[in-house]
Amino acid sequence: MSPKMSKANQSQGLLLFRLNHTQQFALGTLKIRELVPYTPLTKIPHSHIAIMGAATIRGMTIPVIDMAAGIGFKPVTDLERQDCYIIITDCQRMVIGFLVRAIDKIIECNWRNIEAPSNNLGKNAFLTGVTRFDDKLVQLLDVELLLSKIFPDDPITNRAILTDVQREKLKPLRILLVDDSKVARKQLSDALDSINIAYQVTSDGHEALQMMLQAAKERAPIDLLVSDIEMPGLDGYELAFEVKNNPDIANAYIILHTSLSSEISVSQAKQVGANEALTKFDAKELIEAMLRGANTKHIV
């Protein structure tokens, strides 16, 4: 295979912000549409306690979440609101605003330097990674987990219905799922568990690559790779690029998925060699993509 220039090398920034006076948090800039000063909100009846209301921004009505309250910190008071900012995000097919106490800056970041959070933090820790900037700890927030608490999934989106013929097409395949978000891993796992399809799963791109190389060495190569795009360490773009440029594992059918509702993400996924790119999460769409993979000549 001729060498290609990886789109994965394009840097993604981190937006640094504060939910209290002592800790610094971050979001990847690909998730962010814009930053706006606090604007008056309209109450949304019967909404989650962390939803402060709705803002009208550029003609669009957007729910605004008190991010501090959402992850269990002290809620923003009425007096504090005027000094706050709203981070407008495009995530999981929803445009959402997150109210934060302060915006610090946007920095360039090598995502390989972001480390996984400690396992001791527990299952409700809203972090996908940690890094340092100016010798200070920066915590990368798990937006998927936060949104799953505030907008519980419709159970229908987590289930797919297969015919017996379709199930038999998927059953022989060796499937690997990769995602740094606990919520996303559970969604992916539940989708396959519900149709009784076996798979392997990991939270780390580097580990996924090693698992694929080991599987190929054992003459049982991975047939379908389903990976998140935004991950610390080795992200989905880089993982796809590495897979397609290694002849031992290049026959894997690669499905990248992302919480970013962006045509740019889909376009870049194709450029690094992915067969498909999905905005997560819809079990039916995922299974349909897997079936397309099963029907290709890549699967043996």
Side-chain angles (χ1 to χ4, degrees), residues 1-12 30 110-116 166-181 184-185 188-189 191-192 197-258 260 262-280 285-300:
M1 179 179 294
S2 60
K4 297 181 291 184
M5 181 65 69
S6 173
K7 284 286 181 180
N9 292 329
Q10 294 183 348
S11 63
Q12 176 187 179
L30 287 179
N110 184 342
W111 279 58
R112 291 177 182 269
N113 295 333
I114 297 176
E115 300 175 357
Q166 290 172 325
R167 185 176 289 105
E168 290 308 308
K169 283 185 177 181
L170 289 180
K171 268 193 172 182
L173 304 185
R174 293 174 286 268
I175 300 170
L176 177 60
L177 311 177
V178 194
D179 203 300
D180 64 316
S181 167
R185 287 198 302 276
L188 293 166
S189 299
L192 295 185
I197 297 297
Y199 59 88
Q200 299 178 69
V201 62
T202 179
S203 62
D204 181 89
H206 285 293
E207 184 175 0
L209 183 59
Q210 293 307 311
M211 290 170 70
M212 294 186 72
L213 292 170
Q214 182 62 33
K217 187 176 180 180
E218 296 172 359
R219 298 178 181 266
I222 297 298
D223 298 310
L224 285 175
L225 171 65
V226 181
S227 174
D228 186 21
I229 289 178
E230 253 196 331
M231 296 186 294
L234 192 72
D235 68 24
Y237 293 135
E238 293 173 307
L239 177 57
F241 184 77
E242 294 291 340
V243 169
K244 286 303 180 184
N245 279 275
N246 187 317
D248 293 334
I249 55 179
N251 281 339
Y253 191 89
I254 301 176
I255 303 169
L256 294 185
H257 62 98
T258 176
L260 308 172
S262 169
E263 292 298 324
I264 296 175
S265 298
V266 174
S267 173
Q268 289 185 353
K270 296 293 180 68
Q271 291 183 53
V272 296
N275 299 89
E276 306 209 25
L278 307 174
T279 53
K280 62 185 179 189
E285 291 184 9
L286 173 63
I287 300 305
E288 286 175 349
M290 287 183 164
L291 286 168
R292 287 191 290 272
N295 288 330
T296 69
K297 294 178 182 179
H298 292 88
I299 305 304
V300 295

### Task
Enter the distance from L291:CG to Y253:OH here, rounded to the nearest 0.5 Å.
10.0 Å
### Task
State, with a plain yes or no, whether a side-chain heavy atom of K217 is found less than 4.5 Å away from one of D248.
no
Check residues 198-211 and write down every donor-acceptor pair under 3.5 Å in which the side-chain atom is one partner and the other belongs to a residue at least two apart or another chain.
{"unit_1": "Y199", "atom_1": "OH", "unit_2": "S189", "atom_2": "OG", "d": "3.4"}
{"unit_1": "Y199", "atom_1": "OH", "unit_2": "D193", "atom_2": "OD1", "d": "3.1"}
{"unit_1": "Y199", "atom_1": "OH", "unit_2": "D193", "atom_2": "OD2", "d": "3.2"}
{"unit_1": "T202", "atom_1": "OG1", "unit_2": "D204", "atom_2": "N", "d": "3.3"}
{"unit_1": "T202", "atom_1": "OG1", "unit_2": "E207", "atom_2": "OE1", "d": "3.0"}
{"unit_1": "D204", "atom_1": "OD2", "unit_2": "H206", "atom_2": "N", "d": "2.9"}
{"unit_1": "D204", "atom_1": "OD2", "unit_2": "E207", "atom_2": "N", "d": "2.7"}

### Query
Does the side-chain contact (heavy atoms from CB on, under 4.5 Å) test come out yes or no for E230 and D235, once each step is laid out?
CA-CA 6 Å; E230 253 196 331; D235 68 24; over 6 Å; no
### Message
Donor-acceptor check, side chain of D180 to backbone of M231, threshold 3.5 angstrom: yes or no?
### Response
no
## Note on the structure
Hits for salt bridge (charged side-chain N to carboxylate O under 4.0 Å, His left out) against E168, two or more places apart or cross-chain, chain-then-number order -> none
## Note on the structure
CG (N295) and CE (M290) are apart, to the nearest 0.5 Å, by 13.5 Å
### Task
I would like to know whether L188 and L286 meet side-chain contact (heavy atoms from CB on, under 4.5 Å); could you show each step before the answer?
CA-CA 9 Å; L188 293 166; L286 173 63; 3.6 Å; yes
### Message
Applying side-chain contact (heavy atoms from CB on, under 4.5 Å) to L256 and Y237, what does each step give before you reach the verdict?
### Response
CA-CA 8 Å; L256 294 185; Y237 293 135; 4.2 Å; yes
### Message
Among residues at least two apart in sequence or on other chains, which ones pass side chain to side chain contact (heavy atoms under 4.5 Å, CB included) with A289?
### Response
I255, E276, L278, R292
### Message
For L192 and L170: C-alpha separation, side-chain torsions, deciding distance, then whether side-chain contact (heavy atoms from CB on, under 4.5 Å) applies.
### Response
CA-CA 10 Å; L192 295 185; L170 289 180; 5.7 Å; no
### CD1-NZ distance between I197 and K171, expressed to the nearest 0.5 angstrom
6.5 Å
### Message
Can you give me the closest heavy-atom contact between V272 and A269, atom names plus distance?
### Response
CG2-O, 3.2 Å
### pair L176-L224: side-chain heavy atoms closer than 4.5 Å
no
### Query
Sequence neighbours excluded, which residues qualify as salt bridge (charged side-chain N to carboxylate O under 4.0 Å, His left out) partners of E242?
none
### Query
With side chains defined as the heavy atoms from C-beta onward, is the minimum distance between L225 and I175 less than 4.5 Å?
no
### Summary
Between the NZ atom in K244 and the CG atom in N275, the distance rounded to the nearest 0.5 Å is 4.5 Å
### Task
State, to 0.1 Å, how close A294 and L173 come at their nearest heavy-atom pair, and which atoms those are.
CB-CD1, 3.8 Å
### Under 3.5 Å donor-acceptor, R174 side chain and D223 backbone
no
### Query
To the nearest 0.5 Å, what is the distance between CG (N246) and CE (M212)?
9.0 Å
### Message
Please give me the minimum heavy-atom distance between A274 and K270, naming the atom from each residue.
### Response
O-CD, 3.6 Å
### Query
So do V178 and D228 actually touch side chain to side chain, heavy atoms under 4.5 Å?
no
